[in-house]
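Computed from a predicted structure; not experimentally measured. Heads up: numbering here begins at 1 and tracks the sequence.
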Amino acid sequence: MSAKEASSGSEAGEPGAAAKSARKRINLEALGRQAQMERILHNRERTHLGGMDIAEHLVVDWEKIGDPSYQKLISSIGDVSTLRTKLQSRRAQLNVEIEKEDKFHQGSKRLVRASSDHKARDQAQLEASFAESKIRVHQAELAKINSSLQAYQQEGLRSSQPPLIPFALKTTARLSVVSSFTDTISGHYHMDPAALLDQIYEFQELRYAVSNVTRDESGVESLLEYHNQLQLVSKRLIHPKLRHGLAFIWYDAINGLPAVQQSVTFEKACIIFNIAALHSQMAAQEDRSTVAGASRAVASLEKGIGALEYMKDRFSNSPTLDMSDELLSFLSDLLRAQAQEVRWEREQLEMKRTEPSTIIDAAHKTKSVAECYSPLKELVEDNSMKGYLPECWISYVKVKEAHYKALAHYYAALAHDHLASACKGEEVVGEEVRMELKFLYAVDSEEAQDAITASNQQYHVGLAKAHLNCAVLAHEYALKYNSYSRDLSDIKPLCQMLQDAAARTRAKKEEMSEEEGASIMAPAIKPSEITLKPVFPEFSSVEVEDLFRSLGPLPAFSAENSWSTPRVLTIHRGKGGLGLSLRGSRPSSVSAVEDGSPAEDMGVCVGDWVLAVDGRDVRYKSHNDAIAIVTDCGDEVTFELVTPT
């Protein structure tokens, strides 16, 4: 309470009655505002979960409330008619259903352990099994949604471009912070929470909006904005020392199981995970048939990798599998493989296939894509991964690894076929091509390198045939893996790409079938160096205003510190002045109190923080400004002070 408010209360004659009346009015207003907010959030949740087109109804509600700040909620609802939004809505529904059945399952299991009655225990066991089966049904549908790779592509690209593998954003349950924040503001900061209701609701809106952000840079900014605001709020209102009682509920992005944590660190980790997921979806929607579109996709994937690597370095012991170290590494490697793949696609748009050096370079780079998918293939074949990852993802990783391995052999075969033709025509192989061919393979002996670069027609024909045999076999594996997944078999551009590549390789093999060549095994192709640059989240790119700045400057007025209830003291200047000295700033504190001075008589203590002088807030003032305000006062100076405890 400021000095000015204290003065006006005294003049009213009945400060107790006035305060009681004001509290009643504030409580009624707060309840009204909270009811309106709950109705808006409930309506928005219905839109988010059910895919219902009630945007018009929400606008009517906002018009009734008459507060323009609420209208920004509608911007995050999105177009409920789009396939991606419908899938996201269904995902949120399934998450809620899985959470409900999981609670029922856990409760039944506890009853089985606790019950001594045979019939009751059998009934509880039956109920637990039934709940577990329902969870599996919901998770199977969730896996189907996660397998809808084309949902993240632009509609016009679904028939012409094989999709990437994006991953879903984590969804969260609605969280009301009003009660916790108002209790903390009144109990810890000794302030009237009614003055900060707008800021409390704004923070609550900001959190809810991150559940359904747009799939573009503005969506990333929304996530960064909430993360940065959470960073500030966690220092003031959500701190373990305060026992805030808030429970953050987030659902696993893949299996939908919920995790409940009171840790702000967990909340931050989920936001950064969603930043990575959002970048993976932004990459998936790009048109990779153009250099500009492919470049944007690579940039998005590098940002996604950076977000996941940032998480791996700073967060551990995740309560959900999707953010475990193993899964973060898998997702990071998946984005890295896809970034290398898209970079390869971009280079293919400008590749001149007739030049031997270009073909050799293509073999190097194609093998690097295959090498990126190889560890992923081994990982998805692990039993723990098979039971967690969508089957579509597992098959797609195997398809990509086999497909790019086949292409690398195909390009190597083209290079040797070209050199065989040159040898047949008694052309001299250029030194540049010889050097590039020398480093195409992972062979160390000079004898092997000399044989590979020699002007020997039959040797090059033999190598070309060996690579074509490997390519044909790898293409067969790619087509087989693709046929294992019904979801992949329904993606026509992917099936066409695999079939065309296999047919091209078989045609080349048939073309060279009559040529005589040495019987040679194809050497291992050396992959090119991967030069991807992960980009960490740029938190500083989004500046936020401290919503709860009026609580006082950080770090003094934070959850980690405590202080007494504010007291208002009016000090009369004596001949020697007030008898106190101030030091520091934001806030200034009492550094000395003279014995027998007016300040000592009024109870001023060394170390007291100065909140206000004659009703003027000085918490954010510099030392000189605070001194100037005290000096400008008359014979009476009213201080509002607190004592750090």
Side-chain angles (χ1 to χ4, degrees), residues 30 33-34 37-38 40-41 69-70 72-73 76 170 172-213 219-250 259-275 310-311 314-315 537-563 586-587 617 619-620:
R33 283 289 302 279
Q34 186 169 1
M37 173 60 72
E38 292 295 324
I40 288 174
L41 293 178
S69 65
Y70 292 132
K72 67 181 181 181
L73 278 174
S76 61
K170 294 173 72 70
T172 182
R174 189 174 63 189
L175 174 68
S176 176
V177 301
V178 177
S179 178
S180 174
F181 282 15
T182 53
D183 288 347
T184 300
I185 291 169
S186 60
H188 184 75
Y189 290 90
H190 310 291
M191 292 180 65
D192 186 354
L196 290 166
L197 279 177
D198 285 339
Q199 288 81 353
I200 293 174
Y201 287 122
E202 185 175 348
F203 177 79
Q204 188 160 292
E205 291 173 26
L206 193 62
R207 183 184 189 274
Y208 200 85
V210 302
S211 300
N212 194 25
V213 294
V220 176
E221 290 178 3
S222 295
L223 293 172
L224 290 173
E225 180 184 4
Y226 175 67
H227 177 278
N228 293 349
Q229 194 62 249
L230 180 65
Q231 187 80 359
L232 294 172
V233 171
S234 64
K235 297 176 181 178
R236 296 187 184 276
L237 301 170
I238 311 176
H239 193 277
K241 186 178 179 180
L242 298 176
R243 299 181 181 179
H244 52 78
L246 296 175
F248 302 107
I249 303 175
W250 286 87
V260 184
Q261 297 279 303
Q262 289 191 326
S263 169
V264 175
T265 302
F266 173 63
E267 177 91 344
K268 292 177 184 176
C270 293
I271 294 300
I272 297 173
F273 181 93
N274 278 1
I275 290 174
Y310 182 90
M311 284 185 65
R314 290 164 177 80
F315 303 106
E538 298 179 5
F539 299 110
S540 60
S541 65
V542 179
E543 296 182 2
V544 296
E545 181 182 351
D546 187 355
L547 289 176
F548 300 94
R549 185 178 186 277
S550 59
L551 294 177
L554 289 169
F557 293 91
S558 67
E560 292 185 341
N561 297 327
S562 58
W563 51 90
R586 301 179 181 89
D617 192 336
R619 287 174 298 176
Y620 284 94

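- Heavy-atom contacts from other residues, nucleotides or ligands closer than 6.0 Å to CD of E538 number 12 or fewer.
- Atom NE2 in H188 sits 5.5 Å away from atom CG in L242 (nearest 0.5 Å).
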| task | Go through the steps to decide whether Q261 and E267 satisfy the test side-chain contact (heavy atoms from CB on, under 4.5 Å), and finish with yes or no. | result | CA-CA 8 Å; Q261 297 279 303; E267 177 91 344; over 6 Å; no
| query | Does the side-chain contact (heavy atoms from CB on, under 4.5 Å) test come out yes or no for V233 and V264, once each step is laid out? | reply | CA-CA 10 Å; V233 171; V264 175; over 6 Å; no
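- Annotation for K235 and S558: closest pair O-CB, 3.4 Å, computed over non-hydrogen atoms.
- Atom-to-atom distance recorded for T265:OG1 and F248:CZ is 10.0 Å, nearest 0.5 angstrom.
- Remark: L232 CG to I238 CD1 distance equals 11.0 Å, nearest 0.5 Å.
- Side-chain N or O atoms of T182 include one that pairs as donor or acceptor with a backbone N or O of V178 at under 3.5 Å.
- Among residues two or more places apart in sequence or in another chain, the side chain to side chain contact (heavy atoms under 4.5 Å, CB included) test is passed with S222 by V213.
- The closest donor-acceptor contact from the side chain of S180 to the backbone of V177 lies at 3.5 Å or more, if one exists at all.
- What you find for S176 and L246 is that their closest heavy atoms are O-CD2, 3.8 Å.
- In this structure, the separation between CD on Q229 and OG on S234 is 10.0 Å, given to the nearest 0.5 Å.
- Annotation for L196 and S550: closest pair CD2-OG, 3.0 Å, computed over non-hydrogen atoms.
- One finds the CZ atom of R619 at 9.0 Å from the CZ atom of R549 (value rounded to the nearest 0.5 Å).
- Residues I249 and T172 approach most closely at O-OG1, 2.7 Å, considering heavy atoms.
- Side-chain contact between L224 and I275 is present, with at least one heavy-atom pair separated by less than 4.5 Å.
- Interatomic distance, CD of E205 versus CD of E202, reported as 7.0 Å (0.5 Å rounding).
- For D546, the side-chain hydrogen bond (donor to acceptor under 3.5 Å, both in side chains) partners two or more places apart in sequence, or in a different chain, are R236.
- Remark: F181 engages F203, F548 in a ring pair (Phe, Tyr, Trp, His ring centres under 6.0 Å) (not counting sequence neighbours).
- The side-chain heavy atoms of L230 and L206, taken from C-beta on, include no pair separated by under 4.5 Å.
- Closest of all the heavy-atom pairs between K241 and N561 is NZ-N, 4.3 Å.
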| message | For F273 and K268: C-alpha separation, side-chain torsions, deciding distance, then whether side-chain contact (heavy atoms from CB on, under 4.5 Å) applies. | response | CA-CA 9 Å; F273 181 93; K268 292 177 184 176; over 6 Å; no
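- In terms of the ring pair (Phe, Tyr, Trp, His ring centres under 6.0 Å) criterion, H239 has no residue partners (sequence neighbours excluded).
- No donor-acceptor pair under 3.5 Å is formed between the side chain of Y226 and the backbone N or O of I271.
- By the side chain to side chain contact (heavy atoms under 4.5 Å, CB included) test, P555 pairs with no residue at all, sequence neighbours left out.
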| From CA spacing to verdict: side-chain contact (heavy atoms from CB on, under 4.5 Å), F315, F266 | CA-CA 8 Å; F315 303 106; F266 173 63; over 6 Å; no
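- Taking 4.5 Å as the limit, some side-chain heavy atom of W250 sits within range of a side-chain heavy atom of N274.
- H227 meets the ring pair (Phe, Tyr, Trp, His ring centres under 6.0 Å) test with F539; sequence neighbours excluded.
- Counting non-hydrogen atoms of neighbouring residues, nucleotides and ligands closer than 6.0 angstrom, the CZ atom of R314 exceeds 12 such neighbours.
- Contact record, F557 with P587: CE1-CG, 3.8 Å, taken as the closest heavy-atom pair.
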